[in-house]
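Inspection log for the structure reproduced underneath, given as structure tokens.
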Amino acid sequence: MNDELGLAPTPGPLTAGLPTARAATPADAAGIIQLRSEYVLPEPMGEKWIRRCTAELAPRLAPGGDARAFVIDAPDGSMATCALGLIHRLLPAPSYPWGLAGRVHVVATRPDARRRGYARAAVRALLDELRTEHVTLFELHASQEATPLYREFGFADSPALMRMTHLEEPGGRLR
């Protein structure tokens, strides 16, 4: 049944010769958050926010959580690359019959580890894992630099995507 819906991992040119990404555990949360802070966000987060995000992510990476991540370690044991996805429930539809969507939330590679296929391997492992869990709708926000990579995986631009950030709590106070 998975093959009928296109859920089987996609072997071929996108996986040939790639480094092996490993599934992240709660112990990897700090490294993922550090890469996000340094290489994805417009400005690095302060220690308070790094601690807060790490505390939020760690249990979500545990079995039963809604986060999946794959990482590639550098030879020195530090984290070189991460790809983090968050699973959320939707109402089922023909395009997503199990009502599960995956948002690729973070893909980051340290500058000294780029151009080695690390991001491609981590994203491939993440997408393959999400497919095995019946996620059929995938979303992400791509930088201009990363857009060609995501198009290789089958992502397409969406003219319908809109976004809003609202930082006020009820009563008009800023968070």
Side-chain angles (χ1 to χ4, degrees), residues 7-63 65-88 101-133 135 137-158 161 163 165:
L7 299 178
T10 308
L14 292 179
T15 58
L18 290 181
T20 302
R22 67 172 176 81
T25 68
D28 293 308
I32 293 168
I33 296 303
Q34 194 66 44
L35 284 176
R36 174 181 179 247
S37 175
E38 291 179 31
Y39 305 114
V40 175
L41 298 178
E43 292 183 24
M45 294 185 296
E47 284 302 313
K48 176 183 172 185
W49 278 100
I50 288 174
R51 283 191 309 274
R52 181 176 175 181
C53 290
T54 299
E56 170 78 19
L57 179 58
R60 295 173 77 176
L61 286 170
D66 67 342
R68 305 293 180 273
F70 285 82
V71 301
I72 295 178
D73 297 314
D76 67 3
S78 64
M79 192 176 294
T81 298
C82 69
L84 168 67
L86 303 174
I87 300 170
H88 59 273
R103 180 172 193 266
V104 178
H105 188 66
V106 174
V107 177
T109 302
R110 292 188 336 220
D112 65 331
R114 292 183 181 157
R115 301 284 178 228
R116 298 180 189 175
Y118 288 5
R120 179 174 275 105
V123 170
R124 168 54 59 209
L126 175 62
L127 295 177
D128 287 349
E129 174 61 28
L130 292 174
R131 283 184 188 103
T132 68
E133 296 187 36
V135 171
L137 176 65
F138 296 86
E139 306 164 329
L140 60 76
H141 293 279
S143 67
Q144 188 173 8
E145 179 184 348
T147 296
L149 170 66
Y150 299 125
R151 283 195 177 122
E152 286 180 31
F153 286 115
F155 285 90
D157 295 325
S158 171
L161 181 62
R163 187 175 188 181
T165 301

Of all heavy-atom pairs linking Ala101 and Val135, the shortest is C-CG1, 3.7 Å
Where the side chain of Thr54 meets the backbone of Ile50, is there a donor-acceptor pair that is under 3.5 Å apart?
yes
Got a second to check how far Glu139's CD is from His88's NE2, nearest 0.5 Å?
4.5 Å
Closest non-hydrogen atom pair between Ala122 and Cys82, with its separation
CB-C, 4.5 Å
Could you check if a side-chain atom of Leu86 sits within less than 4.5 angstrom of a side-chain atom of Arg60, using non-hydrogen atoms only?
yes
Nearest non-hydrogen partners of Phe153 and Arg120, listed with the distance
CZ-O, 3.6 Å
Could you verify whether a donor N or O on one side chain and an acceptor N or O on the other, from Arg116 and Thr81, lie under 3.5 Å apart?
no
Would you mind reporting whether Met45 and Arg36 have side-chain heavy atoms less than 4.5 Å apart?
yes
For residues Arg68 and Leu126, determine if any side-chain heavy atom of one lies less than 4.5 Å from a side-chain heavy atom of the other.
yes
Side-chain contact, heavy-atom cut-off 4.5 Å: Leu127 with Phe155?
yes
Should Leu140 and Val107 count as side-chain neighbours, where that means a heavy-atom distance under 4.5 Å?
no
Ala108 and Tyr39: which non-hydrogen atoms are nearest, and at how many Å?
CB-CB, 4.4 Å
Are more than 12 heavy atoms, taken from residues, nucleotides or ligands other than Arg52, located less than 6.0 Å from that residue's CZ atom?
no
Measure across Ala113 and Ala80 and return the closest heavy-atom pair with its distance rounded to 0.1 Å.
CB-CB, 3.8 Å
d(Ile72 CD1, Arg110 CZ) to nearest 0.5 Å is 11.5 Å
Between CG of Asp28 and CG of Leu61, what distance do you get to the nearest 0.5 Å?
7.5 Å
Ring-face cation contact, Phe138 with Arg131, 6.0 Å cut, 45° max
yes
Checking side-chain contact (heavy atoms from CB on, under 4.5 Å) for the pair Ile32/Leu35: CA distance, chi angles, key distance, verdict?
CA-CA 5 Å; Ile32 293 168; Leu35 284 176; 6.0 Å; no
Side-chain contact, heavy-atom cut-off 4.5 Å: Arg103 with His141?
yes
What are the two closest heavy atoms between Ala119 and Thr109, and how far apart are they?
CB-OG1, 3.8 Å
